[in-house]
Amino acid sequence: MENKKLIPAFGCRNGAAVVMDEGRGYYSEDILTLSGYYADHGADGLFICDLAETDADHERTIGILRQIVRETDIPVIAGGYIKRLEDVKKYLYAGAEAVYLNVGIQENADLIKEASDRFGSEKIYVYMPGFRYLKHLEEYAQLGASAAILDYLMDEKDLQRIPESPIPIWTVTLCGGDTADVMASHLNVPSVTGVVLAVPEEHEGSCMLWKQELKKRGIPVTAFESTVEWKDMKKNADGLVPVVVQDHRTLEVLMLAYMNEESFRMTLESGKMTYFSRSRRTLWVKGETSGHFQFVRSLSLDCDNDTILAKVRQIGPACHTGARSCFFTSLAGRESREKNPLTVFEDVLAVILDRKENPKEGSYTNYLFEKGTDKILKKLGEEATEIVIAAKNPDPEEIRYEIADFLYHMMVLMAEKEITWEDVTRELANR
C-alpha cells in the first residue's frame with residue numbers, strides 16, 4: 001500500500017497567509033514563516049490558494065510563491081486565480097509542482113485538456129468544490145488531470161460515497177482537537193491517497209506528530225523509519241553512536257554529536273535532530289534554546305554500523321560560537337582548485353553578483369550590467385552561435401571553451417534577472 005500524504009493548505013491574499021477555521025478567515029502576516037514551519041514539520045507538500053482579486057495582487061502572489069518554493073524543499077500545489085492558460089504557466093514557472101483547476105468554474109474546466117497537453121498531465125490537478133463533481137472523475141482523467149482534490153465537509157456517510165477513481169483523490173479536512181481521528185477516517189477510504197489540511201491557526205500542529213498518531217491507527221504515512229534497529233548498531237564504550245551532521249543542500253559538514261537509543265527514537269518521531277549530551281548526561285534537541293533547529297532530511301549508517309550521517313536543514317548557525325559550522329579552525333592543508341560542478345557554478349555566480357553590488361572599474365562584468373539586458377542577450381546569442389560553429393570543429397578544446405563562455409554570459413543574465421542556480425536545478429528536478 002502506498003503511503004498516504006498530508007498537505008497543509010492556506011490562501012494568499014494581499015501578500016498575507018489566510019487559513020480557514022470552519023469558513024472564517026484567519027490572517028497571518030508571515031506566509032513564508034508559515035510555509036517554512038510546515039515544510040520543516042513533516043508536511044508532504046503545501047497547497048496554496050491564490051485569493052487575489054486583481055492582476056496586480058496575482059503578480060504579487062506569484063512573487064511570494066517563488067520565494068516559498070526557493071526557501072522550502074517540498075512540493076507546492078498552487079492555483080486559484082486562473083483566467084487563461086498563461087496563469088497556469090505562471091504558477092509552474094514560479095516553481096509549483098502542480099496547478100489545480102477549479103472545475104466549479106467552467107472556464108477552468110475547459111482548460112484541463114489544453115493545460116495537460118501543454119505542460120504534462122502530471123502537472124494538472126482538478127479541484128472539486130462538492131460531491132456532485134465526483135461523477136465526472138473519468139472525464140477529468142481522460143482530459144488529462146492526474147489528481148483530484150475534493151473539498152467538502154464530510155462525515156462518515158459522505159466518505160462512504162467516494163467511489164473508486166482512475167486518478168488519486170485528495171480530501172480537504174479541517175483541523176481541530178480530533179484532527180488525527182478525522183484524518184484517519186478520510187485516509188481509510190481506499191480512493192483517498194492524501195488529505196489537504198485546512199489548518200485553523202499558525203503553527204497549529206506538526207504533521208510529523210500527526211503521522212505518528214496515524215501510524216498507531218495502521219495508516220501508512222511518510223514518516224521516518226530506520227531500516228536498521230538500534231540494537232544492531234555498534235556503540236562506543238558509553239553506549240553511544242557518533243553522528244556526523246551535514247547541510248543537505250551544500251553538503252557542508254556542520255558538527256559532530258552523539259545519540260543514545262532514546263535520542264535516536266525521538267529524532268525519528270519528531271524529525272528534529274535530538275542528541276545525548278555527554279557532559280550534561282541528558283537529552284537535548286538541537287536548537288531548543290537557541291532556535292537553531294536541525295530538521296532531518298536523511299539518516300545513513302556507515303559500513304561498520306558505528307557512525308550515523310545526518311543530512312539536515314540547518315536553521316541559523318550550527319556551532320555554539322555562532323559559526324555556521326563547528327569545523328572552522330584550519331589545521332593543515334594546501335591550495336587546490338574546486339572542481340565540484342555546482343560549487344564552481346555557485347562560486348562564479350557569487351562573483352558576478354558581487355560585481356553587480358560592488359562595481360569594479362575596468363570589469364567586463366560591470367560593463368555588461370551597465371549596458372543592460374539587451375547587451376547581455378546579444379552576447380548570449382553570439383556565444384550560442386560560437387558553440388554551434390565550434391561543434392563543427394573536430395577539436396574538443398574549442399567547444400569546451402565556447403560552452404564556458406556561454407555559461408558565463410548566461411550567469412550574468414541570471415544575476416540580472418535574480419535567478420539562482422537553485423531555481424534552475426529545482427526546475428530541472430521537477431521535469
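- Residues Y81 and D55 bring a donor and an acceptor atom of their side chains to less than 3.5 Å of each other.
- Salt bridge present: E269 and R265 bring a charged side-chain N and a carboxylate O closer than 4.0 Å.
- Atom CD of E288 sits in a sparse spot, with 12 or fewer heavy atoms from other residues, nucleotides or ligands closer than 6.0 Å.
- Under the 4.0 Å criterion applied to side-chain N and carboxylate O atoms, K211 and D44 are assigned as salt-bridge partners.
- Salt bridge annotation for K234-D304: absent, with no cationic side-chain nitrogen under 4.0 angstrom from a carboxylate oxygen.
- Under the side-chain hydrogen bond (donor to acceptor under 3.5 Å, both in side chains) criterion, K5 pairs with no residue, sequence neighbours left out.
- Contact of the Y91 side chain with the I82 side chain is registered, since non-hydrogen atoms from C-beta on lie closer than 4.5 Å.
- No close placement of the Y38 and F10 rings is indicated, their centers lying 6.0 Å or farther apart.
- The existence of a salt bridge linking D423 and R70 is confirmed by a sub-4.0 Å separation between a basic side-chain nitrogen and an acidic carboxylate oxygen.
- If you check the side chains of H186 and T171, you find a donor sitting under 3.5 Å from an acceptor.
- With sequence neighbours excluded, the residues forming a salt bridge (Lys or Arg N to Asp or Glu O under 4.0 Å) with E225 are K215, listed by chain and number.
- If you check the side chains of T365 and Y408, you find a donor sitting under 3.5 Å from an acceptor.
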